[in-house]
Amino acid sequence: MEQLKAYKVRPASSLPPGKFETGTQNHEGMAGVLGVLEYFEWIGENYSSQVVAGGSSNRKLRLKQALGAIKAYETRLSRALLEVLEETPGVKIYGLRDLDRLDERVPTFAFNLKGHSPRQVAEE
């Protein structure tokens with residue numbers, strides 16, 4: 001890696017791996033990822049139903065707890081939406097509709113309402 005010629009801008013390091021960076025690093029993206037991780041940790045600390053002894057100092061555990069809490073919340077929302085859509089006349093739901101299989105789908109729903117088109121809604 002050290003002997004390979006790298007086409008780079010002057011501020012980039014001359015040593016690998018930095019010498020292969022072709023420009024300024026994405027500092028905004030790095031700050032955004034840090035913000036998301038800190039937010040997920042906060043969710044893990046405040047909304048997790050799991051209580052683990054000594055877990056508050058373990059970042060990996062807090063992130064796992066956050067993902068579990070988010071999944072549980074999305075599952076409740078998905079269940080509520082599917083129940084309403086299933087009882088609404090003229091609605092065709094695409095994808096899994098079985099409430100016992102919600103863990104097999106993402107909480108994104110596609111459906112059509114008979115007599116309405118997306119174009120009509122957009123124009124109104």
- Item | Residue pair Gly44 / Gln65: nearest heavy atoms and the distance that separates them | O-OE1, 3.6 Å
- Using side chain to side chain contact (heavy atoms under 4.5 Å, CB included) as the criterion, point out the one residue from Thr88, Leu85, Asn112 that pairs with Ile93. Leu85
- Hey, mind stepping through Asp103 and Thr75 against side chain to side chain contact (heavy atoms under 4.5 Å, CB included) and telling me if it holds? CA-CA 7 Å; Asp103 60 330; Thr75 299; over 6 Å; no
- Taking 4.0 angstrom as the limit, do Glu104 and Arg101 come out as a salt bridge? yes
- State plainly whether one hydrophobic cluster holds both Phe109 and Ile70, where clusters connect Ile, Leu, Val, Met, Phe, Trp and Tyr through side-chain heavy atoms under 4.5 angstrom apart. no
- Query: Going hydrophobic residue to hydrophobic residue with side-chain gaps under 4.5 angstrom, can you get from Ile43 over to Leu63?
  - Reply: yes
- Task: Using atom types as modelled and distance alone, determine if a side-chain donor or acceptor of Arg62 lies under 3.5 Å from a backbone N or O of Phe40.
- Result: no
- Could you state whether Val91 and Leu81 fall into the same hydrophobic cluster, counting links through intermediate Ile, Leu, Val, Met, Phe, Trp or Tyr residues with side-chain heavy atoms under 4.5 angstrom apart? yes
- Yes or no on side chain to side chain contact (heavy atoms under 4.5 Å, CB included) for Glu86 and Leu99, after CA distance, side-chain angles and deciding distance? CA-CA 11 Å; Glu86 285 285 357; Leu99 295 177; over 6 Å; no
- Nearest heavy-atom pair of Pro107 and Glu74: which atoms, and what distance? CG-OE1, 3.4 Å
- Message: Donor-acceptor pair, distance only, cut-off 3.5 Å: does the side chain of Lys19 make one with the backbone of Glu2?
- Response: yes
- Note on the structure: When Tyr39, Trp42, Tyr73 are each screened for ring pair (Phe, Tyr, Trp, His ring centres under 6.0 Å) with Tyr47, the one that passes is Trp42
- Same cluster or not: are Leu82 and Phe111 linked, directly or through other Ile, Leu, Val, Met, Phe, Trp or Tyr residues, by side-chain heavy atoms under 4.5 angstrom apart? yes
- If you measure from CD on Glu41 to CZ on Arg59, what distance do you get to the nearest 0.5 Å? 4.0 Å
- side chain to side chain contact (heavy atoms under 4.5 Å, CB included) partner of Ser78, the single match among Leu102, Val106, Thr108: Leu102
- Step by step, would you call Asn26 with Glu28 a side chain to side chain contact (heavy atoms under 4.5 Å, CB included)? CA-CA 6 Å; Asn26 182 0; Glu28 297 85 359; 3.6 Å; yes
